[in-house]
Participant: 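Can you read through this structure? Questions will come right after.
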Amino acid sequence: MENIPSWAPRTPSPPALRPLASFSSSAFSLLLKRMDGQHRSPASASTLGHLVEMSDHWQPQGAPTPSRPPAPFPPGRSLSRIRPAVPSRAAGAAGKMAVALRYLWPLLLCSPCLLIQIPEELMEPPVITEQSPRRLVVFPTDDISLKCEATGKPEVQFRWTRDGIHFKPKEELGVTVHQAPHSGSFTITGNNSNFAQRFQGTYRCFASNKLGTAMSHEIQLMAEGAPKWPKETVKPVEVEEGESVILPCHPPPSAEPLRIYWMNSKILHIKQDERVTMGQNGNLYFANVLTSDNHSDYICHAHFPGTRTIIQKEPIDLRVKATNSMIDRKPRLLFPTNASSHLVALQGQPLVLECIAEGFPTPTIKWLRPSGHMPADRVTYQNHNKTLHLLDIGEEDDGEYRCLAENSLGSDRHTYYVTVEAAPYWLHKPQSHLYGPGETARLDCQVQGRPKPEVTWRINGIPVEELGKDQKYRIQHGALTLSNVQPSDTMVTQCEAHNQHGVLLANAYIYIVQLPAKILTPDNETYLAVEGSTAYLLCKAFGAPVPGVQWLDKEGKTVLQDERFFPYTNGTLGIRDLQANDTGHYFCQAANDQNNVTIVANLQVKDATQITQGPQNAIEKKGSRVTFTCQAAFDPSLKHSITWRRDGRNLQELGDSDKYFIENGRLVIHSLEYSDQGNYSCVASTKLDVVESKAELLVVGSPGPVPQLELSGRHLLKQSQVHLSWSPADDHNSPIEKYDIEFEDKEMAPEKWYSLGKVPGNQTSTTLKLSPYVHYTFRVTAINKYGPGEPSPASETVVTPEAAPEKNPVDVKGEGNETNNMVITWKPLRWMDWNAPHVQYRVQWRPQGLRGAWQEQIVNDPFLVVSNTSTFVPYEIKVQAINSQGKGPEPQVIIGYSGEDYPQASPQLEDIKILNSSTVLVKWWPLDPAQVKGHLRGYNVTYWWEGSQKKHSKRHVHKGHVVVPANTTSTILGGLRPYSSYRLEVQAFNGRGPGPASKMTFSTPEGVPGHPEALHLECQSNTSLLLKWQPPLSHNGVLTGYVLSYHSLDDGVMEQLSFNLSDPELQAHTLTNLSPHLRYRFQLQATTKEGPGEAIVQEGGTMALSGTLDFGNISAMAGENYSVVSWVPKEGQCNFGFLISFKARGEEKMGAYLPPQYVSYNQRSYTQWDLQPDTDYDICLLRNTVLLHQMAVKTNGTGRVRLPPPGFATEGWFIGFISAIILLLLILLILCFIKRSKGGKYSVKDKEDTQVDSEARPMKDETFGEYSDNEEKAFGSSQPSLNGDIKPLGSDDSLADYGGSVDVQFNEDGSFIGQYSGKKEKEAAGGNDSSGAASPINPAGTLE
């Protein structure tokens, strides 16, 4: 009350009424004019035209509030013509008005606040709401349902007429009248196929109450029986080649359109082209026949969709007589047969014109329109230009159309004269209206058609011609007018227009009512809406004449200055595109000539709900799972929720908690089934708005099972045929591509199914070609892109009669497995090809080229051995299947051969061409076929590696083998070893085996050598390194030396130093002037005269000498008489040599003396043998008198080996005697050594020649020597040094004799390098008299 300005009069709101939340739009300017006194005359405005609009939005207190506004009025029209948009089944807009009045009047009658008296007898005119279609075709056993439903108050009474005569459904036998409210419908149920014939006719329904009578349109009921082809005798059609012929179809007549197909007995469509075509009448036309058209199974099929039936005509036998003199002839039209014809086309419908011509050569068809241009956007040419389709015919398509048939000999033509006419259609359909007393009522009924429709009027179902002449109505120019209407003038009128093409009918009522004015919307109502939406503020004004309504702000100014504000003629104010500042108070003022009232409406604008991420459409396979996500934003002041729906139902209502998982805006559906597909929607809602985002889920997979099979045409079993049909399978959202037809023979192969073939997915029947004597049980499986579905249930079993075999065995072969026989084999017939319970094979043979008699034998097994044949002779062979019914077809002659013998000659070698050091080309002359003694299968080329060309080179034998096809007389042998000798053999072979071999030897030239073995780096000083290596395993020729190159890795300078080492026997080299702070990459390559080979690469430097030598993770373990010392070389540590010694503790004289051994750092381990059991040993690691590491170890066992008690061997005389003998032996050895030294140097090369070739034995990475392990043992750790300049270690462990100044070199195994290389190096150095080896810090002797 406090929101109402002083200028606004107030009336209390009816407590029993409640407004809805929103409704729709209309024009407001006309209301303002009426409030100003304009357009107030009874003739121009309806006093009660606003009544229905107000009633549309009222409901009893407590009823739920609808979420949609009412339909708006169209703007710019007088109130008497404005009605809300309502459904229009049979009665148009009047239906909704009557429904609205039914809810409104009880509310008004019970309202205590109304100031005028409402007549209690206020009623509703009848309105037809539903009725059957104008044409109703029923088929045998179908129930007949005639619908007629209507609303009205008081209750509507129904009556029917049939063919203009009163029809009483309740009194008819077999008729059931519906007992539902507002229904006059009835159903006719028959118990035989002819009952529908008795009820054929034209029906009409009338619905009446006190206010008038509404009338339905005429309902024509037609009964049609099951289609049957007339019995006829189809005679063969004989025609000469090149002539034309027409094969008639003449299907049974039907009230519903039917489809015609021409097929053959295999259910294959007859191919149609320019020469052969089917007309619109179903006949099959041949412009000229060919001998290929000669068939006895041209069958016309008629498909009746109404009865879901396909029937076929008896097959037509077309017999074409061949001729050698086909006569050309000009075209002649087979259809139409006359020169011109007249057609009537209906406006809006398609036009189909057809011309089919005969002639030879085959004519072509052209279409012309002399009276105008063909509308290219609506015209199509089909059936090879023989049919013209013109869509959506209009008056402009009226005129002449011409078809022209042409070939090289002439032409023929036909002219269609098309007249376009139209069934009646509305220009202005009469509408129901409410009027106040004294007004003039006018109903307009404007129709058009061609020819012009005839318009008739009825009042309450009675033609106006049958009414008295003293009536108040006046009919003029298609309009019915009543002046100065009174309540007794309430009526229902019918306007009916018809011509020869159709009928139009409209019911419209005139209802006269008088009521006072009133605002029915509650005062001070608060409206909530969201931004961006449209708010509807209600102001329901009720009265007669219609009150004017306007909306004002607090200052009394109109709100319509903002274009976002728009009024409706029912008083509602709409505000579109709401903004936050639209929140406030709005005032509605309603006024007529009786009163003036105002109410206030409060508007609050909230944030709109938005779905920020909605679910997406999904296609998933059966059995998988799918996830939908949904995120939304809401107004914080509003309570909100997110729910999920499926096809409009909340998923929670489905009660399947295991199926759906819903959490945090996610919907997960597990184990998808086909029943899960549908529309899933995320619904974000508040009390003000609901936002929904939908996604479609399709569940795809293999098809369902074919539900039912049916066998027919059993009379065809004599011809080994049967007709199989089936019901379509469910495609599960993926089109069925084909059907697989299978069969099982429970007698011959139970539970094993064989495919008979596949048919297209749109085909549901086929005639099957069967084999004789098979017990057929069929099943059908549907297949789509996801695979085959489940098979159908098995059909009943049919058995075909026995017959002679129709096939002979295949894969017949004749081959001998001995030199004097031939084995004939074949692939046996499958049991389904036996055509009888048993089958045998008739085998015939004879030598090829002889025309004498065939030898033959009948066998049961699929082979036959022919003995006592000549070697490799060709034979003609035939194998024929036979059974109890006869023989199979004449078999094909196959050429076979008797047994082969080994080839009798060897291929003659033509040439061996050296391609490179590892590849040769071998050629030979082809072998004489007569010497092959069989089918030449190819050549075996075998080669052996016999050794290197290097002297005394020995290796294991290497063998290679190549198989060459028979049509090739050369091959390339690759992967050979360079500088080697090979032995070669070539043999021809056939199916029996290889023949004699031709032999030859060849040698490969030198190649580049392999990489040197085991490149080691050993530090000599801070600036020098000793490089040691082993020769390559593969010399591939005569080594000429080595190429050594290196460069720094750390200073960024990539300059590479390289020089040649020309001594091929060299295995060590010292580099000086190296930087102690840099790392180097060293690369060593061996060379032959062909150049350097593959390089071995090693990285290292001398930097380790400036630090502490490190033995990481050093350990020792012992056995009974040995000990193993192991260590892990430190990464980046330079390789170096050191001494390792074992000394027993305790009794110093016990056990044999163990001299120190020289070991390489990179060796990683060392094994000391000849230790005493159960003894403690001290282990020392030394380098240049520096102790690097010391440790202890104890051997296993039960105790030391004790020396025998003293005997004569301890006597002095015995010791002297033995000393003298040793001295003499020593002198002799010295003399032998001197003599041998004078006789020549002890060459490393000579020693190599006494050993296995270095290429044929593996090398040990941890040794630098070039000799075998046996050689190392000869100079092993247990033997003293042969160099007399080296003193043995004494018991005082003095290492003075092993100082760095002594020119001694040790190998890794403890032996001296000097014993092999010292003399040679000494000579190369220029005669140095020193008997020791070159000093490791003096590289002069090794760099030359």
Side-chain angles (χ1 to χ4, degrees), residues 813 815-819 871-872 897 899-950 953-1011 1032-1038 1088-1091 1093-1094 1252-1258:
K813 298 177 182 178
E815 296 177 347
N817 56 11
E818 298 292 342
T819 58
T871 301
F872 196 61
Y897 288 84
E900 298 178 328
D901 199 355
Y902 295 103
Q904 302 300 307
S906 62
Q908 180 181 356
L909 288 170
E910 177 184 355
D911 183 29
I912 299 180
K913 182 179 181 181
I914 305 297
L915 301 181
N916 54 46
S917 61
S918 61
T919 308
V920 299
L921 173 63
V922 181
K923 295 183 179 181
W924 59 91
W925 298 104
L927 195 64
D928 183 2
Q931 299 293 328
V932 176
K933 296 297 182 179
H935 296 287
L936 180 61
R937 303 295 177 87
Y939 298 92
N940 287 329
V941 179
T942 309
Y943 55 96
W944 293 265
W945 179 83
E946 296 191 320
S948 172
Q949 296 184 44
K950 187 177 179 180
S953 176
K954 295 182 180 178
R955 294 190 179 186
H956 64 279
V957 175
H958 171 73
K959 178 181 178 181
H961 181 73
V962 177
V963 178
V964 181
N967 58 353
T968 304
T969 57
S970 65
T971 186
I972 293 178
L973 304 181
L976 304 178
R977 296 180 180 180
Y979 202 58
S980 298
S981 298
Y982 282 88
R983 175 165 53 92
L984 175 74
E985 291 184 359
V986 180
Q987 296 171 286
F989 67 94
N990 57 20
R992 181 77 171 172
S998 57
K999 301 179 181 180
M1000 183 177 285
T1001 60
F1002 65 91
S1003 299
T1004 55
E1006 284 193 61
V1008 297
H1011 62 79
L1033 290 179
S1034 300
H1035 287 187
N1036 296 338
V1038 178
T1088 63
K1089 70 176 183 179
E1090 296 297 321
E1094 184 181 355
V1252 178
D1253 188 275
S1254 63
E1255 299 179 31
R1257 62 177 177 86

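This is a predicted model, so every value here is computed, not measured.
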Participant: Kindly list each side-chain donor-acceptor pair under 3.5 angstrom involving residues 920-942, sequence neighbours excluded, with atom names and distances?
Facilitator:
from: Asp928; atom 1: OD1; to: Ala930; atom 2: N; distance (Å): 3.3
from: Asn940; atom 1: OD1; to: His961; atom 2: NE2; distance (Å): 3.4
from: Thr942; atom 1: OG1; to: His961; atom 2: ND1; distance (Å): 3.1

Participant: When rounded to the nearest 0.5 angstrom, what is the spacing between CG in Asn916 and CG in Leu976?
Facilitator: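 With rounding to 0.5 Å, CG (Asn916) is 8.5 Å from CG (Leu976).
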Participant: Among all residues two or more places apart in sequence or in another chain, which pass the side-chain hydrogen bond (donor to acceptor under 3.5 Å, both in side chains) test with Ser980?
Facilitator: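 Ser980: side-chain hydrogen bond (donor to acceptor under 3.5 Å, both in side chains) contacts with Trp945.
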Participant: Roughly how far apart are Lys959 NZ and Glu985 CD, rounded to 0.5 Å?
Facilitator: 8.5 Å
Participant: As an exercise, state the distance from CZ of Arg992 to CD of Glu900, rounded to the nearest 0.5 Å.
Facilitator: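 With rounding to 0.5 Å, CZ (Arg992) is 9.0 Å from CD (Glu900).
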Participant: Taking all atoms of both residues into account, what is the closest heavy-atom pair of Pro1005 and Ile914, and its distance?
Facilitator: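 Shortest heavy-atom contact: CD-CG2, 3.6 Å.
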Participant: What do the steps show when you test Phe1002 against Leu984 for side chain to side chain contact (heavy atoms under 4.5 Å, CB included), and what is the final call?
Facilitator: CA-CA 8 Å; Phe1002 65 91; Leu984 175 74; 4.1 Å; yes
Participant: How long is the span from the CD atom in Glu1006 to the OG1 atom in Thr1088, to the nearest 0.5 Å?
Facilitator: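 Taking CD in Glu1006 and OG1 in Thr1088, the distance rounds to 5.0 Å.
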Participant: Would you say the side chain of Thr1001 lies within less than 4.5 Å of the side chain of Ser981, judging by non-hydrogen atoms?
Facilitator: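 Ser981 does not reach Thr1001 side chain to side chain.
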Participant: Check for a donor-acceptor pair, side chain of Ser918 on one end and backbone N or O of Pro978 on the other, with a separation under 3.5 Å.
Facilitator: no
Participant: Could you list the donor-acceptor pairs under 3.5 angstrom formed by side chains in residues 902-911, with sequence neighbours left out?
Facilitator:
from: Gln904; atom 1: NE2; to: Tyr902; atom 2: O; distance (Å): 2.6

Participant: Between Tyr943 and Leu973, is a side chain to side chain contact (heavy atoms under 4.5 Å, CB included) present by the stated rule, with each step listed?
Facilitator: CA-CA 9 Å; Tyr943 55 96; Leu973 304 181; 3.7 Å; yes
Participant: So, taking the atom named CG in Asp901 and the one named CZ in Phe872, what distance separates them when rounded to the nearest 0.5 Å?
Facilitator: 11.5 Å
Participant: For side chain to side chain contact (heavy atoms under 4.5 Å, CB included), just list the numbers for Met1000 and Ile912, CA-CA rounded to whole Å, side-chain angles, deciding distance to a tenth of an Å, and then say yes or no.
Facilitator: CA-CA 9 Å; Met1000 183 177 285; Ile912 299 180; 3.2 Å; yes
Participant: Could you walk me through whether Val1008 and Asn1036 satisfy the side chain to side chain contact (heavy atoms under 4.5 Å, CB included) test, starting with their C-alpha distance in whole Å, then the side-chain angles of each, then the deciding distance to 0.1 Å, before giving a yes or no?
Facilitator: CA-CA 6 Å; Val1008 297; Asn1036 296 338; 5.6 Å; no
